[in-house]
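Reading through the structure tokens given below for one structure.
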Protein chains: 2
Amino acid sequence: MGTMGRPREFDAEKALDKALDVFWRNGYEGASISELTHAMGISPPSLYAAFGNKEKLFRSALDRYAEVRKQLWQELMKEPTARAMMARLFERVIDFYAEEGNPNCCMLVKGTMSSGDCGELLAQHLSAKRAESETMIVERFRQAKANNELPDDIDPEDLARYYMTVLEGMSVRAAGGADRKELRNIADLAMRGWPGK
Amino acid sequence: MGTMGRPREFDAEKALDKALDVFWRNGYEGASISELTHAMGISPPSLYAAFGNKEKLFRSALDRYAEVRKQLWQELMKEPTARAMMARLFERVIDFYAEEGNPNCCMLVKGTMSSGDCGELLAQHLSAKRAESETMIVERFRQAKANNELPDDIDPEDLARYYMTVLEGMSVRAAGGADRKELRNIADLAMRGWPGK
DNA sequence: AGCGTTCTGTAACGAGCGCTACAGATGTAC
DNA sequence: GTACATCTGTAGCGCTCGTTACAGAACGCT
């Protein structure tokens with residue numbers, strides 16, 4: 001069997017990327033089907049046949065966003081020290097938020113704040129995605145502690161949560177119009193507070 | 001002239017407080033007129049006669065939110081040192097975010113992330129409100145620097161922006177389900193990074 | 001060729017949105 | 001009392017939302 005019937009005339013992955021862009025910019029509720037179909041270059045029935053419905057499409061877009069982000073972060077974990085890793089992560093994130101083409105925010109943060117009542121399950125999905133990134137940092141910090149890079153009274157989980165919080169705060173600032181310089185100042189002060197032995 | 005015609009049968013301030021609660025919990029787009037009127041205990045025409053339209057109602061609710069918040073913060077500025085002020089501010093904000101009845105977030109942060117295309121002017125209004133709070137901290141830090149509480153190479157504006165960012169990040173975490181203990185850990189690490197001389 | 005399967009666009013569904021026309025109710029001014 | 005001004009609820013406006021019925025088009029299979 002396999003490929004029976006009329007084949008689809010659009011690239012599902014490219015269409016998903018377009019949908020991701022719309023969701024990222026407007027949030028879940030702010031993105032309408034008509035705007036999505038227009039950006040994706042397909043008609044509503046094609047969208048529903050390929051992605052189920054609006055919520056499933058959002059989840060797919062979210063998975064794609066998280067996947068790309070995870071891949072970018074993964075590289076940084078190889079930095080020789082946890083401190084260097086964190087400094088580079090700040091740089092990366094600043095570039096990401098300040099980049100012209102992008103919406104100036106993290107999609108996961110935006111989704112968390114604007115999910116509202118649009119589905120408790122959706123909020124859980126978002127929470128899980130954020131936790132994935134945080135876990136990467138936790139593990140890097142555990143490794144750092146084993147290497148004696150961190151004071152004894154610092155819990156890797158707490159420290160990871162703290163720096164994730166700063167990053168999430170920076171996303172709010174960026175969405176509010178903060179420029180590259182302001183973001184860099186924030187990152188500098190965060191790194192200045194790095195726990196000394 | 002003055003009071004001609006039939007007098008209104010509801011308390012406009014109490015109705016505004018109810019509207020604030022709905023907007024706070026659901027955001028601007030997520031709050032429907034029917035939900036608002038139901039919570040406020042009035043009918044749509046009364047709402048429009050008293051508050052203009054949905055956007056103006058939101059702005060009024062926002063002003064009220066910011067006013068209360070500003071008043072709470074103002075007290076803390078009297079703390080003897082900037083460091084003590086900041087520590088107390090963290091406590092206050094944690095209580096605020098962890099309080100049962102409240103939505104677990106800052107309305108200004110939520111509004112900033114979920115405004116989307118619902119009006120550029122609205123985003124500016126939100127931005128101005130956030131700036132007001134930040135200015136309070138900047139001035140307290142300026143005063144602290146004059147008192148030699150802060151290192152020479154620390155700019156009060158930068159430091160205020162940094163701590164505001166942490167607070168905004170904490171709002172994101174709280175919205176994502178963080179409990180009091182997690183928030184306290186974040187605040188502790190932020191205060192641990194307080195710039196030493 | 002003919003059939004079954006799947007994709008395509010058009011066009012529309014019911015529901016909810018923000019908002020308001022309207023008529024009745026309730027106050028002041030004369 | 002009569003006239004005017006304002007608030008009140010009902011009922012509905014036009015619109016957009018997410019979603020789908022439907023008919024036609026494009027493929028593999030026999």
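Labels below follow one simple rule: chain letters A, B, ... track the order of the sequence lines, proteins then strands, and each chain is numbered from 1.
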Any [X] side-chain nitrogen or oxygen under 4.0 Å from OP1 or OP2 of [N]:
| X | N | answer |
| --- | --- | --- |
| A:Ser46 | C:dT8 | yes |
| A:Ser43 | C:dT8 | no |
| A:Ser34 | D:dC17 | yes |
| B:Tyr48 | C:dT20 | no |

Can you measure [X] atom [atom1] to [N] atom [atom2] for me and round it to whole angstrom units?
| X | N | atom1 | atom2 | answer |
| --- | --- | --- | --- | --- |
| A:Leu47 | D:dC17 | CG | C1' | 14 Å |
| A:His38 | C:dT10 | NE2 | C1' | 17 Å |
| A:Tyr28 | D:dC17 | OH | C1' | 12 Å |
| A:Asn53 | D:dT20 | CG | P | 8 Å |
| A:Ile33 | D:dC17 | CD1 | P | 9 Å |
| A:Glu55 | D:dT19 | CD | C1' | 14 Å |
| A:Phe58 | D:dT19 | CZ | P | 14 Å |
| B:Phe51 | D:dT8 | CZ | P | 11 Å |

Q. Taking B:Phe10 as the fixed residue, which of B:Arg8, B:Lys14, B:Glu13 is the one that meets the side chain to side chain contact (heavy atoms under 4.5 Å, CB included) rule?
A. B:Arg8
Q) Which residues, if any, of residues 6-19 of chain B bring a heavy atom under 4.0 Å of DNA chain D? A) B:Arg6, B:Pro7, B:Arg8, B:Glu9, B:Phe10
Q | Listed partners of A:Thr81 passing side chain to side chain donor-acceptor pair (under 3.5 Å), at least two apart | A | none
Q. Under 30°, 30 to 60°, or over 60°: which ring-plane class applies to B:Phe96 and B:Trp24, parallel, tilted or perpendicular?
A. parallel
Q | Ion pair check, A:Arg192 and B:Asp153, cut-off under 4.0 Å | A | yes
Q.
Less than 4.0 angstrom from a charged side-chain N to a carboxylate O is my criterion; do A:Glu134 and B:Arg173 meet it?
A. yes
(Q) Is any side-chain heavy atom of A:Ser114 closer than 4.5 Å to one of A:Tyr28? (A) no
Q: Go through D:dG18, C:dC19, D:dA21 for me and flag the one nearest to the A:Pro45 side chain.
A: D:dA21
**Q.** Side chain of B:Met4 (C-beta onward), nearest among C:dC19, D:dC17, C:dT28
**A.** C:dT28
Q | Most 5' of B:Lys54 and B:Gly5 on DNA chain C, judged by nearest nucleotide | A | B:Lys54
Q: May I ask you to check whether A:Trp194 and A:Tyr162 place their ring centres under 6.0 Å from each other?
A: no
